[in-house]
Amino acid sequence: MKKLFPLAMFPLLFACNEGDAANAAAAPVAIDDHDRCHICGMMITKYPGPKGQLFLKGTESVPKFCSSRDMFNFALQTENQRQITAMYVHDAAATDWESPSDSHFIDAKTAYYVYGTSKKAVMGPAVAPFSSLEAAEKFANEYGGRVLDFEEITLELLAGSQ
């Protein structure tokens, strides 16, 4: 029996490695000129403001969004929340607002956001992401809005009832 125990543990070693490989593969991907928003179907790169993308369990497709706002509208739906393995947004402090660079994606869960800014984006008020609190505060001072962290972005906020 003692000899069989290591053999029984062998499949578990690969199961752990598969999960690690899947998590490592969830790095942000470039948004192509022909990519369309997963929510509204608009051509993503035609519009200003930070974009978003996320990864879902059990699929290789990467839903991409024309705005961080649309990404949150999808991600905050109860049926979608438990399926998300990673979320990325453009760092508005590190890239051009009119044409965000995909080399400046940051983890959406660790970002700070400015909501209610005068800066225009697509699909309603911008949810402008930043990698640092200082950058978010500077942006809010210049363009208006309030600084929020990831947990403060809610469907009620996006619907205008907060």
Side-chain angles (χ1 to χ4, degrees), residues 12-95 97 99-117 119 121-133 135-136 139-140 145-162:
L12 295 175
L13 177 66
F14 285 107
C16 292
N17 286 341
E18 280 181 30
D20 293 343
N23 289 338
V29 297
I31 296 175
D32 185 274
D33 285 341
H34 301 289
D35 283 337
R36 293 183 174 270
C37 180
H38 189 73
I39 289 275
C40 67
M42 294 171 61
M43 299 294 281
I44 297 172
T45 59
K46 284 189 163 195
Y47 301 95
K51 319 298 184 213
Q53 62 181 257
L54 49 82
F55 291 80
L56 301 171
K57 293 177 187 173
T59 181
E60 290 184 24
S61 67
V62 179
K64 300 173 188 173
F65 302 88
C66 64
S67 67
S68 50
R69 178 187 189 85
D70 268 9
M71 182 196 72
F72 274 108
N73 274 319
F74 178 86
L76 293 172
Q77 298 293 323
T78 305
E79 64 273 15
N80 297 331
Q81 288 178 353
R82 65 182 172 272
Q83 300 301 319
I84 297 170
T85 60
M87 298 172 63
Y88 296 99
V89 289
H90 286 120
D91 183 351
T95 190
W97 187 269
S99 184
S101 168
D102 293 338
S103 63
H104 295 290
F105 272 116
I106 56 174
D107 182 342
K109 292 184 178 182
T110 62
Y112 296 92
Y113 298 88
V114 176
Y115 184 75
T117 177
K119 281 288 244 187
V122 67
M123 304 310 285
V127 182
F130 297 88
S131 60
S132 75
L133 179 58
F139 184 88
R146 62 183 171 147
V147 178
L148 307 168
D149 63 24
F150 179 81
E151 287 78 23
E152 293 176 289
I153 307 294
T154 64
L155 289 174
E156 293 78 21
L157 174 77
L158 300 176
S161 60
Q162 279 187 342

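Here the structure is a predicted model, which means the values were calculated and not measured.
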Counting N and O atoms only, with roles assigned by atom type, does the side chain of Arg69 sit under 3.5 Å from a partner on the main chain of Leu158, one being a donor and the other an acceptor? yes
Grab the two heavy atoms, one from Gly49 and one from Pro100, that are nearest each other, plus how far apart they are. O-CG, 3.1 Å
State, with a plain yes or no, whether a side-chain heavy atom of Arg146 is found less than 4.5 Å away from one of Thr117. no
Who passes ring pair (Phe, Tyr, Trp, His ring centres under 6.0 Å) against His104, sequence neighbours left out? none
Between the main-chain N or O of Asn80 and the side-chain N or O of Gln83, is there a donor-acceptor pair closer than 3.5 Å? no
Can you check whether Gln77's main-chain N or O pairs, donor with acceptor, with Gln81's side chain at less than 3.5 Å? no
Looking at Lys51 and Pro48, would you say the former's side chain and the latter's main chain have a donor-acceptor pair under 3.5 Å? yes
Run the side chain to side chain contact (heavy atoms under 4.5 Å, CB included) test against Asp102 and tell me which residues pass, sequence neighbours left out. Ala30, Ile31, His90, Phe105
When you compare the side chain of Val89 with that of Met71, does any pair of heavy atoms fall below 4.5 Å? yes
I'd like to know whether Tyr112 forms a ring pair (Phe, Tyr, Trp, His ring centres under 6.0 Å) with Phe150, so could you lay out the CA-CA distance, the side-chain angles of the two residues, the decisive distance to 0.1 Å, and finally the verdict. CA-CA 7 Å; Tyr112 296 92; Phe150 179 81; over 10 Å; no
Can you say whether the rings of Phe139 and Phe130 are parallel (under 30°), tilted (30 to 60°) or perpendicular (over 60°)? tilted
On a heavy-atom basis, which atom in Val147 and which in Ala140 lie closest, and how many Å separate them? CG2-CB, 4.0 Å
Is the shortest side-chain heavy-atom distance between Thr45 and Ser99 below 4.5 Å? no
Output for pair (Tyr113 OH, Ser68 OG), nearest 0.5 Å, gives 7.0 Å
Non-hydrogen atoms of Pro50 and Val127 that approach each other most closely: CG-O, 4.4 Å
Could you state the interatomic distance from CD (Gln53) to SG (Cys37), rounded to the nearest 0.5 Å? 12.0 Å
Check: Thr110 side chain, Asp107 main-chain N or O, donor-acceptor pair, under 3.5 Å: yes
Who passes side chain to side chain donor-acceptor pair (under 3.5 Å) against Thr95, sequence neighbours left out? none
Taking everything shown except Glu60 itself, do over 12 heavy atoms lie less than 6.0 Å from its CD? no
Find out whether Ile153 and Leu148 are in side-chain contact, i.e. whether some heavy atom of one side chain is under 4.5 Å from a heavy atom of the other. yes
Using the side chain to side chain donor-acceptor pair (under 3.5 Å) criterion, which residues pair with Ser103? Sequence neighbours excluded. Ser101
To the nearest 0.5 angstrom, please state how far the CD1 atom of Ile44 sits from the CG atom of Asp70. 9.5 Å
From CG (Asn73) to CD1 (Ile39), nearest 0.5 Å: 6.0 Å
Applying salt bridge (Lys or Arg N to Asp or Glu O under 4.0 Å), which residue pairs with at least one partner in residues 29-50 are found, sequence neighbours left out? Asp35-Lys64
Atom CG in Asp149, atom CG in Leu133: separation rounded to 0.5 Å? 9.5 Å
For Pro63 and Leu56, which heavy atoms make the closest approach, and how far apart are they? CG-CD1, 3.8 Å
Measuring from Lys57:NZ to Arg82:CZ, what's the distance to the nearest 0.5 Å? 8.5 Å
Is Tyr47 reaching over with its side chain to a backbone N or O of Met42, donor-acceptor style, under 3.5 angstrom? no
Once side chain to side chain donor-acceptor pair (under 3.5 Å) is applied, do any residues pair with Thr78, and if so which ones, sequence neighbours excluded? none
Mind telling me whether Phe55 and Tyr88 have parallel, tilted or perpendicular rings, with 30° and 60° as the class edges? perpendicular
Verify whether the ring centers belonging to Phe65 and Phe74 lie closer than 6.0 Å. yes
